[in-house]
Undergrad: 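The structure follows.
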Amino acid sequence: MICAAQVALDVPLTRLFSYAVDGGLLAVGERVFVPFGHRVLSGVVAGLEEVAEGSMTLKAVQSVPRDLPCLSPEWLALCRFVADYYHHPLGQVIATALPAVFRIPEVFTPAQPPLLYRCDDVEALLARLAARATAQRRVAQALAVPQTAASLRALAAPAMRWIASWLEQGWIEAVPETAMAKGKAATNAPVPNPEQARAVEAIASAEGFVPFLLFGVTGSGKTEVYLQTIATVLARGKQALVLVPEINLTPQAESAFRARFPQARIVSLHSRLNDSERAQGWLAAMRGEADIVLGTRLAVLAPLPRLGLVVVDEEHDASFKQQDGLRYSARDIAVYRASQEGIPVVLGSATPSLESWRNAESGRYRLLELPARAVPGAALPELRVLSMRRAPQRDGLHESAIAAIGRALDRGEQALVFINRRGYAPTLACGECGWSASCRHCSARLVLHLGARRLRCHHCGYELRIPPACPDCGNQDLKPLGRGTQRLEENLQALFPGRNILRIDRDSTRRKGAMDAALEAVHAGEADILVGTQMLAKGHDFPRLNCVLVLEADSGLFSVDYRAEERLFALLTQVAGRAGRREQPGEVLVQTQFPEHPFYAQLLQRDYRVFADRALSERRDLRLPPFAAWALFRAEAQQLDSALEFLRTVKQCFVPEPGLTIGDPVAATMLKKSGLERAQLLVSAENRQLLQRALAMAEPAMDRLKAGRIRWSLDVDPAEV
DNA sequence: AGCACGCCGACT
DNA sequence: GTCGGCGTGCTC
């Protein structure tokens with residue numbers, strides 16, 4: 001008998017591969033490099049077995065790097081769960097979770113102990129900096145609290161150049177993170193209001209696995225609940241895992257945590273870290289050195305040996321779901337981890353996902369509510385729905401919206417106008433023959449970008465010069481149809497001449513640091529009217545903003561995607577949270593062509609419960625999630641027919657069963673994308689267990705399928721269909 | 001997914 | 001004659 005290691009490799013194959021181990025000195029969880037075909041791959045030992053000598057010729061493990069401690073059985077079990085639940089090969093799950101440096105043959109040597117930068121006298125430092133150097137001043141201001149290089153770079157790309165020179169001048173100091181602890185007093189925790197105190201008490205006294213849904217409007221002080229609960233977790237010597245949706249929110253969350261817990265080691269994990277930073281943070285988490293791990297969805301897969309609490313902030317946010325490769329939901333994995341560890345998990349939101357809301361209603365989650373706004377005197381903004389039918393309007397803006405913006409500007413405040421569409425106009429059309437510009441590679445209109453003088457596809461990046469005349473009939477008078485951020489900016493400039501209008505969308509912030517510069521300009525009061533897409537809805541706090549106008553909201557009401565309405569409600573609630581976070585009451589206006597739609601009545605009630613009740617009863621009637629468990633197969637091919645044909649063979653892999661519905665393959669809503677035609681197949685089950693069983697039973701047959709030229713993927717609990 | 005092998009079309 | 005197209009099949 002010889003000892004063999006069953007190795008999980010980053011290949012799209014479900015099975016493990018066995019390798020001979022010299023001397024048998026290898027543990028489960030060890031990383032290895034093994035010969036595979038004509039190359040060498042990194043893998044992880046997922047199991048050990050005894051193999052009869054000569055029964056099968058095994059290749060031998062090539063090398064065992066020792067720069068990383070052995071991965072724990074608990075962490076491997078987590079990866080196994082993820083692999084099983086999402087029906088993804090274990091080796092690929094591990095490859096997704098493990099930082100890249102641990103998958104290359106070079107041995108990772110952590111650089112110096114990570115340094116924190118700090119300034120004792122920020123006022124003095126600021127006085128030394130030019131008044132106009134806004135980015136430098138922002139970095140300087142952040143140094144009131146110890147900061148890592150990574151978060152400073154997130155604040156301003158060239159931050160570390162300035163840091164080097166300030167260090168040289170002796171204006172600031174660098175302290176090894178490990179030596180940071182002593183002497184720094186924590187910022188005093190504010191006294192919680194009664195609801196906050198009750199929530200903290202409930203979570204802190206929870207025994208074993210208890211999932212909490214922390215339901216509180218924007219500004220009700222959810223963060224304070226997290227902070228005070230984490231304090232109790234740290235006091236018990238446990239680690240806390242905090243997930244936030246947006247990468248932009250990590251640095252600001254990190255500063256808040258650092259200010260409150262100066263003695264704690266805080267590590268952030270997100271995709272903007274470079275390889276070595278990510279590896280270092282991961283190691284600190286894995287070794288139990290990090291007390292708080294803060295990050296985006298990928299942080300949920302970090303190994304945490306003494307985990308005591310998991311927090312998912314803005315749990316409804318779509319960014320917790322990965323949309324390619326391993327299509328996992330970090331929120332769901334967070335709940336699973338808590339259940340495995342037997343610890344509490346807190347899901348926080350002002351507009352919970354309907355899944356979580358249902359779980360709270362059914363008693364699976366415990367509901368904690370924060371009803372009031374935490375900032376004394378801050379009132380909920382006034383909300384108005386403006387009918388655009390037969391309404392007095394100019395340039396597609398309702399007269400009362402124009403008046404409201406004007407009033408805000410006269411008060412010396414800022415106004416924000418949202419439109420969820422970038423570019424000048426969503427299409428360019430010929431008024432004579434009905435031609436309109438469409439993409440060669442996608443079933444989509446080309447968007448007119450006047451600044452760049454181009455037509456662009458927002459799905460594949462295809463670009464075209466603006467044609468001088470209609471390619472079909474030669475008509476020279478092509479007209480932009482509809483409007484996006486750029487045209488809106490132009491409209492507003494015409495309505496408010498002399499006012500500064502600042503557009504913030506993916507186009508205006510593409511350049512590195514452009515987003516920071518724009519936000520800086522907003523805070524400095526250089527902008528009167530902000531025009532932006534969704535990217536402005538989240539997290540940013542604009543103190544002088546009290547008037548928000550939302551355009552083209554209706555598209556969310558008539559979408560083929562059953563979740564669009566839920567997302568629109570969350571978006572509008574969040575947008576409303578942008579207005580009037582301070583003393584003045586804010587004003588939120590929504591333009592619509594369908595004011596009589598029940599959605600708006602519910603929105604006006606300002607009551608998430610009313611909306612959730614109606615939306616959930618609709619979903620119950622229609623057997624939509626969360627009243628069903630879904631899995632979606634997607635396939636793309638040169639020809640729709642071969643994608644459909646492939647999905648038909650997928651369908652045949654399933655065994656019919658009561659409560660299980662295997663749909664028919666259908667063409668995707670947007671048939672063509674990036675030159676490929678797409679189709680999908682929906683598998684629906686009465687519950688998750690049944691869905692999982694059906695998928696597991698279909699797996700062996702699916703392994704035998706040959707996809708040929710077809711690219712396909714399986715999405716369990718798809719976010720969009 | 002890679003990567004090799006293998007079998008048919010237009011080129012120095 | 002061969003360079004190279006991508007179909008098919010395998011990887012302990």
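Proteins come first, then strands; the chains are lettered A, B, ... in the order of their sequence lines, and each starts at number 1. What you see is a predicted model, and the numbers here were worked out from it, not measured in a lab.
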Undergrad: Report the distance from atom CZ of A:Arg103 to atom P of B:dG2, rounded to the nearest whole Å.
TA: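 In whole Å, B:dG2 P and A:Arg103 CZ are 12 Å from each other.
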Undergrad: Figure out the CG/P separation between A:Leu48 and C:dC12, and round it to whole Å.
TA: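 So the CG-P distance, A:Leu48 to C:dC12, works out to 19 Å.
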Undergrad: How would you list all residue pairs meeting side chain to side chain donor-acceptor pair (under 3.5 Å) that involve residues 689-701 of chain A, not counting sequence neighbours?
TA: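 Side chain to side chain donor-acceptor pair (under 3.5 Å) check on residues 689-701 of chain A returns A:His87-A:Gln692, A:His87-A:Glu699, A:Glu657-A:Arg693.
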Undergrad: Taking atom CZ as the centre, does A:Arg648 end up with more than 12 heavy-atom neighbours from other residues, nucleotides or ligands that are less than 6.0 angstrom away?
TA: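 Atom CZ in A:Arg648 is crowded, with more than 12 foreign heavy atoms closer than 6.0 Å.
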Undergrad: Expressed in angstrom and rounded to an integer, what is the separation of A:His38 atom NE2 from B:dC3 atom C1'?
TA: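 After rounding, the reported distance stands at 7 Å.
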Undergrad: Checking side chain to side chain donor-acceptor pair (under 3.5 Å) for the pair A:Ser353/A:Arg331: CA distance, chi angles, key distance, verdict?
TA: CA-CA 11 Å; A:Ser353 63; A:Arg331 184 244 285 146; 3.2 Å; yes
Undergrad: How about A:Tyr562 and A:Trp630: are their ring centres within less than 6.0 Å of each other?
TA: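 Yes.
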Undergrad: Starting at CD of A:Gln62 and ending at C1' of C:dC12, how long is that distance when rounded to a whole Å?
TA: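 After rounding, the reported distance stands at 14 Å.
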Undergrad: Partners of A:His316 by side chain to side chain donor-acceptor pair (under 3.5 Å), sequence neighbours excluded?
TA: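 By the side chain to side chain donor-acceptor pair (under 3.5 Å) rule, A:His316 matches A:Ser349.
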Undergrad: Could you list the protein-to-nucleotides 5-11 of chain C atom pairs, N/O on both sides, closer than 3.5 Å?
TA:
from, atom 1, to, atom 2, distance (Å)
C:dT11, O3', A:Gly37, N, 3.0

Undergrad: Relative to the ring of A:Phe108, is the ring of A:Phe102 parallel (under 30°), tilted (30 to 60°) or perpendicular (over 60°)?
TA: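 Rings of A:Phe102 and A:Phe108: perpendicular, as their planes differ by over 60°.
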